[in-house]
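Only one structure is covered here, and it is reproduced in the block below.
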2 protein chains.
Amino acid sequence: MSSSVQRKRIRKSPADRRAEIVDAAAAVALAEGLECVTLRRIAEQLDVRPGLISHYFPSAEDLVAEAFGSAANAELETLLPADRSGETPTRHLARFFAHATGEAYDAISRLWINARHLSRYRPVLRDRVTAQEEAWRGRLEGLIREGVEGGEFRTDDPHVTTIQILVVIDGLGAHANTDSGNRPETVTRMAVTTAERELGLARGTLSRHGGPGGTGRTGAPPASGGAAPPATSN
Amino acid sequence: MSSSVQRKRIRKSPADRRAEIVDAAAAVALAEGLECVTLRRIAEQLDVRPGLISHYFPSAEDLVAEAFGSAANAELETLLPADRSGETPTRHLARFFAHATGEAYDAISRLWINARHLSRYRPVLRDRVTAQEEAWRGRLEGLIREGVEGGEFRTDDPHVTTIQILVVIDGLGAHANTDSGNRPETVTRMAVTTAERELGLARGTLSRHGGPGGTGRTGAPPASGGAAPPATSN
DNA sequence: GCAACTGTTGAGCGTGCGACCAATAAGCGA
DNA sequence: TCGCTTATTGGTCGCACGCTCAACAGTTGC
């Protein structure tokens, strides 16, 4: 109404404005997809003119990459905080799976699918995706190594084990845009099952994230053969 | 030069023209991505006018869905032919993994990532993707059930086992646009490892696709713990 | 040989995109 | 308080997209 005749200009410091733009872009990327991160869309979000976005990001591709990096990084920080104050690796890993397997993770899965596809055409984004994959892997591998050193986990090769877990999580997340949600419990639990198997943990250890934090052992015998284990109700 | 003044019109039967368009669209989808399946692009490919493509596909989204469906279906037919003339399920599954793990499969992985992402915005494509997932799963599950009935495979739930294998394949394929290719051998073999474990097969049974076709048993003890198996050279 | 059918063309509309640039005004230091 | 720096605006360009439609021309059947 009052602003249609003459726009009120709000002048901010470059650092503030840039951060504001990146935050808005990350939000749009997460909610609507990376292809919706356009100069006009972000400008509208912040109630500024498209030219201003161009001013801070002369190449729009840089903004898209930044949006993905920001969103993915924030999620990583929630999922696997660098600061694990006092919590055991087992509890931490259990908490990680609880979050990374629930429906709340679908938005993140969508973002990863989005970014991995768009990487095909946009080199700048591709570099960002590679860096983020590295960051996620590094963070998880650190947690696993810590658990191995403390005797909670057991694996010959933490690096390979980490990748194996991530591959399963990626595989489960691949259908975030299509699945109707009716998946067998055994499949939903695949990531946890893989982790427990590869880390020498008893079945169920990583399912109860409110459970024992000390040793993580329950005394249940480990799965012996290769047959599919019966699905547990919880 | 000679055709610039007056275009030579080639009139074809609707069925032929439609098939021609779908084939071209599928080829473009596979080579350059589904977003390159545009009226203008396909028209250029066939040396006709864009309006003609619109004539056969009043909605461009239908053409994209058809392109994906055609490409995915052709690949499924190569990967898991409906007609398994005389070959044992073990040999057949081994052949499947040989193809679905090699670099030649990257193009298909890219297409799936592409389609799954685009499904977010295009309902028609989403239905097609869901149908293709169903088809792939059904074909693989049929093979596994056949193996179980013949005593080559052993699993309590062929349905779940099938999905588990496909999840791993999806997880491995997720990085087709970003990976530099340097992946640990153990990770590359994850799909085969999963199949062998879930089907009660000895390690290596599904790696040698030129190997024994009868029983598929080698006498080697099954993997006990979660330790990474030594990498085999072939 | 001619007429009817319809596959095919050519042209144009409206939209949204990234990129560019001169003009403007907000806020800071002198 | 004034002037300068520069953050911000408003407008425009070229491009590619899907979609529409009247006009054209192969092909077929009479």
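Lettering follows sequence order; numbering is per chain, from 1. It should be emphasised that the depicted structure is a prediction, and the values quoted were computed from it without experimental measurement.
For the atom pair CZ of R84(A) and CZ of R95(A), the computed distance is 12.0 Å after rounding to the nearest 0.5 Å. With values rounded to the nearest 0.5 angstrom, R197(A) atom CZ is found 10.0 Å from T161(A) atom OG1. Separating the CD1 atom in I113(A) from the OG1 atom in T178(A) is a distance of 7.5 Å, to the nearest 0.5 Å.
dA7(D) atom C1' lies 12 Å from atom CD1 of I10(A), rounded to whole Å. If you measure from atom CZ of R49(A) to atom P of dA7(D), you get 18 Å, rounded to the nearest angstrom. Across the protein-nucleic acid pair, L52(A) atom CG and dT24(C) atom P stand 18 Å apart, rounded to whole Å. Atom CZ of R122(B) and atom P of dG18(D) are 8 Å apart (whole Å). Rounded to an integer number of Å, the gap from D62(A) CG to dG18(C) C1' is 13 Å. Whole-Å rounding puts the K8(B) NZ to dC24(D) P distance at 18 Å. We find that CG of L63(A) is positioned 14 Å from C1' of dA19(C), with the value rounded to whole Å. The NE2-P distance, from H55(A) to dG18(C), rounds to 18 Å in whole Å.
The base of dT27(D) does not come close enough to the side chain of R11(B) for any donor and acceptor atom to sit less than 3.5 Å apart.
A donor-acceptor contact closer than 3.5 angstrom is absent between the side chains of R145(B) and T162(B). With no hydrogens or angles considered, a side-chain donor-acceptor pair links Q45(B) and R41(B) at under 3.5 Å.
Dashed line: the shortest gap from a side-chain N or O of Y56(B) to OP1 or OP2 of dG7(C) is not under 4.0 Å.
Contacts of residues 12-42 of chain A with DNA chain D (heavy atom under 4.0 Å): K12(A), P14(A), R17(A).
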What do the steps show when you test E146(A) against H92(A) for side-chain hydrogen bond (donor to acceptor under 3.5 Å, both in side chains), and what is the final call?
-> CA-CA 11 Å; E146(A) 198 178 311; H92(A) 217 78; over 6 Å; no

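The pair R128(A)-E61(A) fails the salt-bridge criterion, with no side-chain N (NZ, NE, NH1 or NH2) lying under 4.0 Å from an Asp/Glu carboxylate O.
Looking at heavy-atom distances under 4.0 Å, P50(B) makes no contact with the nucleic acid at all. At the heavy-atom level, F57(B) lies nowhere under 4.0 Å from the strands shown.
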